[in-house]
Engineer: 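Sharing a structure below in structure tokens format, with a few things to ask.
Since the structure is predicted, the reported quantities are computational estimates derived from the model, not experimental observations.
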Amino acid sequence: MMVGARIARYRKNKKMSQRELGTLVHIDQTLISRIERGERRVTSDELVQFARALGVSVSELLNEDQVKEVV
């Protein structure tokens, strides 16, 4: 699973829209969509921002085995 797909999974688990996530990480919703579809790479700075906004560690976004469902 690609980083963008893991970002999408965590976002959806938190019932957050792409627009809401984009607001938190200061990235336009259209770019969030492209990232989640794997059409745009994520910079290291953005990865840190995504992790903070989603309440997970950077390693969780990078490691497929760590994707957890939010209860």
Engineer: Do the side chains of E20 and K14 get close enough for a salt bridge, i.e. N-O under 4.0 angstrom?
Structural biologist: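 A salt bridge is absent here (no side-chain N lies under 4.0 Å from a carboxylate O).
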Engineer: Rounded to the nearest 0.5 Å, how far does CD of E39 lie from OG of S33?
Structural biologist: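 Going from the OG atom of S33 to the CD atom of E39 covers 7.0 Å.
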Engineer: State the OG1-CE distance between T23 and M16, to the nearest 0.5 angstrom.
Structural biologist: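 One finds 10.0 Å between OG1 of T23 and CE of M16.
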Engineer: Could you report the tightest heavy-atom contact between R6 and L62, atom names first, then the distance?
Structural biologist: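 Minimum heavy-atom contact is NH2-O, 3.1 Å.
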Engineer: Under the salt bridge (Lys or Arg N to Asp or Glu O under 4.0 Å) rule, collect the residues that match up with R52, sequence neighbours excluded.
Structural biologist: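 Checked R52 against salt bridge (Lys or Arg N to Asp or Glu O under 4.0 Å); zero matches.
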Engineer: Contact between E60 and L54 at the side-chain level, heavy atoms closer than 4.5 Å - yes or no?
Structural biologist: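 Heavy-atom side-chain distance check fails, nothing below 4.5 Å.
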Engineer: Quick check: are there more than 12 heavy atoms from other residues, nucleotides or ligands sitting under 6.0 Å from CZ of R41?
Structural biologist: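 Incorrect, the count does not exceed 12.
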Engineer: Would you check if L21 and F50 make a side-chain contact, meaning some heavy-atom pair closer than 4.5 Å?
Structural biologist: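 Touching, per the 4.5 Å side-chain cut-off.
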Engineer: List the atom of A51, the atom of S57, and the distance in Å for their closest heavy-atom pair.
Structural biologist: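 Looks like CB-C, 3.9 Å.
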Engineer: I need the Q29 CD to Q18 CD distance, nearest 0.5 Å.
Structural biologist: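 Interatomic distance, Q29 CD to Q18 CD, rounded to 0.5 Å: 5.0 Å.
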Engineer: Can you confirm whether E46 sits close enough to V25 that some side-chain heavy atom of one is under 4.5 Å from a side-chain heavy atom of the other?
Structural biologist: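 A side-chain contact under 4.5 Å is absent here.
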Engineer: Is the closest side-chain donor-acceptor distance between T30 and D28 under 3.5 Å?
Structural biologist: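 On atom types as modelled, these side chains qualify, holding a pair under 3.5 Å.
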